[in-house]
Each structure stands twice: as C-alpha cells, then as structure tokens.
Enquirer: 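Take a look at this one; I'll ask things after.
None of these values were measured; they are calculated from a predicted model. Nothing fancy with the numbering, it's 1 onward along the sequence. Values reported hereafter were calculated over all heavy atoms of this structure, with side chains retained and with hydrogens, waters and symmetry mates removed.
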Amino acid sequence: GNLSIFPLAFALVEGENNLSWAWFFDQLHAHVTQRMGITIISDRHAGIKHAVRGFPDEWGWTWRWCIRHFLANFQHKFGKKKDIRDQLWSAAVAHQPKKYEQKMKTIRQIHRAGAVWAEGQDLHMWTFHMDN
C-alpha cells in the first residue's frame with residue numbers, strides 16, 4: 001500500500017522544529033544505520049534543512065527533496081494541472097541534461113510561470129541529472 005512508501009523510523013516529539021529534527025536524525029544514525037552515503041529524501045521543511053546542515057561530515061549523508069512533495073508544492077502554487085505535473089515529473093527523473101531540457105521546453109510552452117518557478121529552485125535537490 002501507500003505507493004510502496006513505508007516508514008523507516010518515526011518519533012513522537014513536541015513539534016516539527018529544528019531541535020526535534022536534529023534529535024531524530026541523531027537517533028536514526030545511532031540506532032538504525034551508521035552507514036556512509038545515506039540520502040535523506042523528504043519534503044522541504046525548514047527544520048529538516050536546518051538539521052541536515054548539522055550532519056557531521058564523517059556521516060557522508062546528503063539531503064534531496066521528494067519529487068512527489070515538490071510537485072505538490074507546484075500544484076499548491078499553480079493549481080492542479082495534470083499535463084504540466086506529468087511533464088515536470090519527467091523532467092525531474094531525466095538522467096540526461098538533454099532530456100531534462102526537452103521536458104522543460106515543453107513546460108515553458110504550456111506554463112511559463114511554472115517553468116520559471118521550477119527552474120528557480122535548487123536543481124540538484126529535485127532533478128536526477130544534477131544529482132551527482
């Protein structure tokens with residue numbers, strides 16, 4: 001169920017804030033995995049952003065935005081436009097810059113403001129072709 005998404009870990013905390021997220025990731029590292037090179041994929045919550053900046057370099061952990069959440073942010077800003085959403089998804093998962101650019105060209109033709117918004121976001125956070 002739930003589109004093959006399942007919780008790896010969860011915690012009950014006083015609220016989603018910087019301290020709670022920092023504590024959560026510390027606990028994740030201490031009790032779930034000490035493996036290097038983990039990528040946290042989540043929404044763009046400010047508390048997560050703050051906590052990620054505090055990851056010790058020796059963890060080798062990175063953070064990327066969940067594409068589904070990114071598209072939900074797009075739809076919240078511009079409304080539910082399935083044709084653009086599908087094109088934006090294809091742009092996000094394109095591994096080659098040429099294919100990404102082809103999809104973005106289509107989006108620019110359909111919805112210029114949406115394309116400007118998407119391309120104004122940190123591309124390495126939501127596109128495969130920029131994620132090294």
Enquirer: Would you kindly confirm whether Val52 and Met130 end up in one hydrophobic cluster when ILVMFWY residues are joined by side chain heavy atoms under 4.5 Å apart?
Expert: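 Yes: a chain of side-chain contacts under 4.5 Å links Val52 to Met130.
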Enquirer: Measure the spacing between OG1 of Thr62 and NE2 of His124 and express it to the nearest 0.5 Å.
Expert: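 With rounding to 0.5 Å, OG1 (Thr62) is 9.0 Å from NE2 (His124).
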Enquirer: Can you check whether Trp63 reaches Lys49 side chain to side chain, under 4.5 Å on heavy atoms?
Expert: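 Yes; the side chains approach each other to less than 4.5 Å.
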Enquirer: Taking all non-hydrogen atoms of both residues into account, name the closest pair between Lys103 and Ala91 and its distance.
Expert: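 What the structure gives for the nearest pair is CB-CB, 3.6 Å.
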Enquirer: With the 4.5 Å side-chain cut-off for hydrophobic clustering, are Ile84 and Trp117 part of the same group?
Expert: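 Linked within one cluster.
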Enquirer: Just by modelled atom types, is the Arg35 backbone N or O under 3.5 Å from a matching donor or acceptor in the Trp61 side chain?
Expert: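 Indeed, once roles are kept as given, a pair shorter than 3.5 Å links the two residues.
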Enquirer: Any chance you could lay out the side-chain contact (heavy atoms from CB on, under 4.5 Å) test for Val93 and Tyr100, step after step, and finish with the verdict?
Expert: CA-CA 8 Å; Val93 300; Tyr100 163 82; over 6 Å; no
Enquirer: Just to verify, which of Asn17, Asn18, Leu28, Val13 counts as forming a side chain to side chain contact (heavy atoms under 4.5 Å, CB included) with Trp23?
Expert: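 Option passing the side chain to side chain contact (heavy atoms under 4.5 Å, CB included) with Trp23: Val13.
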Enquirer: Do Gln96 and His129 have side chains that approach each other closer than 4.5 Å (heavy atoms only, starting at C-beta)?
Expert: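 They are not in contact (no side-chain heavy atoms under 4.5 Å apart), so the answer is no.
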Enquirer: Within a reach of under 6.0 Å around NE2 of His50, are more than 12 heavy atoms found that belong to other residues, nucleotides or ligands?
Expert: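 No.
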Enquirer: Could you tell me which non-hydrogen atom of Met104 sits nearest to which non-hydrogen atom of Ala118, and how far apart they are?
Expert: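 The pair with the smallest heavy-atom distance is CE-CB, 4.2 Å.
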Enquirer: Inspect the surroundings of NZ in Lys99 and state if more than 12 heavy atoms from other residues, nucleotides or ligands are less than 6.0 Å away.
Expert: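 Result for NZ/Lys99: open.
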Enquirer: After noting the C-alpha distance and the side-chain angles of Lys81 and Arg85, does the key distance pass the side-chain contact (heavy atoms from CB on, under 4.5 Å) rule?
Expert: CA-CA 6 Å; Lys81 301 177 183 326; Arg85 183 189 184 284; over 6 Å; no
Enquirer: Is Leu19 reachable from Ile48 through a run of I, L, V, M, F, W or Y residues, each pair having side-chain heavy atoms under 4.5 Å apart?
Expert: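 No, because Ile48 and Leu19 fall into different hydrophobic clusters, even though each may have its own neighbours under 4.5 Å.
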Enquirer: Of all heavy-atom pairs between His31 and Gln34, which one has the smallest distance, and what is that distance?
Expert: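 For His31 versus Gln34, the nearest heavy atoms are N-NE2, 4.2 Å.
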Enquirer: Rounded to the nearest 0.5 Å, how far does CG of Leu88 lie from CG of Leu71?
Expert: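 Going from CG on Leu71 over to CG on Leu88, the span is 5.0 Å.
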Enquirer: Check whether any side-chain heavy atom of Arg44 sits under 4.5 Å from a side-chain heavy atom of Asn73, and report yes or no.
Expert: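 With C-beta onward as the side chain, the pair touches.
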Enquirer: Count I, L, V, M, F, W, Y as connected when their side-chain heavy atoms are under 4.5 Å apart, and connections chain through other members. Are Val116 and Leu123 then in the same cluster?
Expert: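 They do not share one cluster, since no chain of ILVMFWY contacts under 4.5 Å joins Val116 to Leu123.
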Enquirer: With distance as the sole test, does Gln87 use its side chain to make a donor-acceptor pair with the main-chain N or O of Asp83 at under 3.5 Å?
Expert: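 Flag not set: sc Gln87 to bb Asp83 has no pair under 3.5 Å.
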Enquirer: Just wondering, do Ser20 and Glu14 contact through their side chains at under 4.5 Å, heavy atoms?
Expert: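 The answer is yes; the side chains approach within 4.5 Å.
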Enquirer: Side chains of Trp65 and Ile41, heavy atoms from C-beta outward: is any pair under 4.5 Å?
Expert: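 They are not in contact (no side-chain heavy atoms under 4.5 Å apart), so the answer is no.
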Enquirer: Apply side-chain contact (heavy atoms from CB on, under 4.5 Å) to residues Arg64 and Thr39 and explain how you reach the verdict.
Expert: CA-CA 7 Å; Arg64 296 296 181 262; Thr39 299; 3.8 Å; yes
Enquirer: Check whether Thr127 reaches the backbone of Ala92 with its side chain - one donor and one acceptor, N or O, closer than 3.5 Å.
Expert: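 Side chain of Thr127 to backbone of Ala92: no pair is present.
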Enquirer: Please step through side-chain contact (heavy atoms from CB on, under 4.5 Å) for the pair Met125 and Phe70, ending with a clear verdict.
Expert: CA-CA 10 Å; Met125 294 296 288; Phe70 184 77; over 6 Å; no
Enquirer: Which of parallel (below 30°), tilted (30 to 60°) and perpendicular (above 60°) describes Phe78 and Phe74?
Expert: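 It falls in the tilted class, 30° to 60°.
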Enquirer: Would you say Trp21 ends up clustered with Leu8 if hydrophobic residues are merged whenever their side chains have heavy atoms under 4.5 Å apart, either directly or through other cluster members?
Expert: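 In one cluster: yes.
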Enquirer: If we check ring pair (Phe, Tyr, Trp, His ring centres under 6.0 Å) with His29, which of these qualifies: Phe24, Trp59, Phe55?
Expert: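 The residue from Phe24, Trp59, Phe55 that satisfies ring pair (Phe, Tyr, Trp, His ring centres under 6.0 Å) with His29 turns out to be Trp59.
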